[in-house]
Protein chains: 2
Amino acid sequence: MAAAPKNARPCSIADALALVGEKYSLLILREVCLGNGRFDQLVRNTGAPRDVLATRLRRLVDAGILDRRPYSERPQRFEYRPTRAGLELEPVLITLMAWGDRHLRGDDDRPMVIEHVCGHELVPEVTCRACGAPVRHEDLTSHPQTPGWTLSGPSVA
Amino acid sequence: MAAAPKNARPCSIADALALVGEKYSLLILREVCLGNGRFDQLVRNTGAPRDVLATRLRRLVDAGILDRRPYSERPQRFEYRPTRAGLELEPVLITLMAWGDRHLRGDDDRPMVIEHVCGHELVPEVTCRACGAPVRHEDLTSHPQTPGWTLSGPSVA
DNA sequence: TACTGTGAGTTTGGATTTCCTACCCACTGG
DNA sequence: CCAGTGGGTAGGAAATCCAAACTCACAGTA
């Protein structure tokens, strides 16, 4: 998943996945968002092999999704924290988690529950900013913007 | 990414990614949601090698995310369409696409624009169903539910 | 009848990635 | 001095990916 597939539809989903779609990347981001940004915590909590973790961390830092900051000189120790771009990816994680809770588990064995400041449990909902309505498939119309690509595929081949 | 990492935090994000986190899976779902559910369209539009595509399709059908239905007998031809579970994954794709548009591109070269029935361009926003407020990192508190796992990691090791 | 094309895959063999175990280094606390 | 912890590397085995070729069934044309 290192690079976006070639000759494929140009798409920000593909681009985003090329960055964060590799195995463990989103789990790393999850832990970092939970405040667990140290190497060994990440190893324990994500289950990633140490070398893979080191590679992913470099990539995510390069991509501007994580920030690597020292929390101790002598011995030098670093901790990873989400940048603004990283934090803005959190809603994706939350939405995915809710999907997994709903479709892959019973409603009663969710491994994690998120509480919102409003006092209720967070049930995430993707809405249209303009009208506030929840997004439903039937309410959407897609408009490709790339010359040569129609809704159904490349027009010139 | 075939299976969820072992010894790692139990988590629906990990479970969901074990299903749809493999390379191309989400791009396949994107195309299927756009209505492009035929094998050769998927090959062209996702850029996936044919064998990988065949493997992914089987997996997604088994997982109940896609439905494989004949659209022609003689010759037998099949087409893939999203199930309800698949459609409910669409908001994740849309949120991810918006993130990619914002962070990986200029606002003026988005490859695809989605229009909402309300007449405006869709700008997706993840909100709290209870209070309707957009989800912000600072407003959330996570509560692990699994014995042995705290916020920062396994407590018993 | 033969000839060409299409849809939906499967097969093959090699190139990449990932995984896992072990090791290394710097330091700390006892 | 010793064991332990944080943050990595090294090396080979295992899994995955990829491109291209191949299959099979049928359709259209001539």
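Values below: all heavy atoms of this structure, side chains included; hydrogens, waters and symmetry mates excluded. Here is how names work: the chains are called A, B, and so on, in the same order as the sequence lines, proteins then strands, and each is numbered from 1.
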Is the phosphate of C:dT17, meaning OP1 or OP2, less than 4.0 Å from a side-chain N or O of B:Lys23?
no

Problem - Derivation of the side chain to side chain donor-acceptor pair (under 3.5 Å) call for A:Glu121 and A:His116 - result: CA-CA 6 Å; A:Glu121 180 188 331; A:His116 192 240; over 6 Å; no

When rounded to whole Å, the CD to C1' distance for the pair B:Glu22 and D:dA15 reads 12 Å

Atom CZ of A:Arg56 and atom C1' of C:dC19 are separated, to the nearest Å, by 12 Å

**Prompt:** Between A:Asp15 and B:Leu104, is there a donor-acceptor pair closer than 3.5 Å when you use the side chain of the first and the backbone of the second?
**Reply:** no

- Query: B:Ser12 and A:Asp101: side-chain donor and acceptor closer than 3.5 Å?
  - Reply: yes

From OH of A:Tyr24 across to P of D:dT16 the rounded distance in Å is 11 Å

**Q.** Ring-face cation of B:Arg38 near B:Tyr71 (centre distance under 6.0 Å, axis angle within 45°)
**A.** yes

Taken to the nearest whole Å, CG/A:Leu27 to C1'/C:dT18 is 15 Å

Exercise for review: Check whether the side chains of A:Tyr24 and A:Arg56 place a donor and an acceptor atom closer than 3.5 Å, and report yes or no.
Suggested key: no

Rounded to whole Å, the CG-C1' distance (B:Leu53 to D:dC17) equals 13 Å

Counting primed atoms, P, OP1 and OP2 as sugar-phosphate and everything else as base, the B/S/- map of nucleotides 6-13 of chain C against protein heavy atoms under 4.0 Å is BBBBBBB-

Is it the case that B:Arg77 places NZ or CZ above or below the six-membered ring of B:Phe39, under 6.0 angstrom from the centre and within 45 degrees of the axis? no

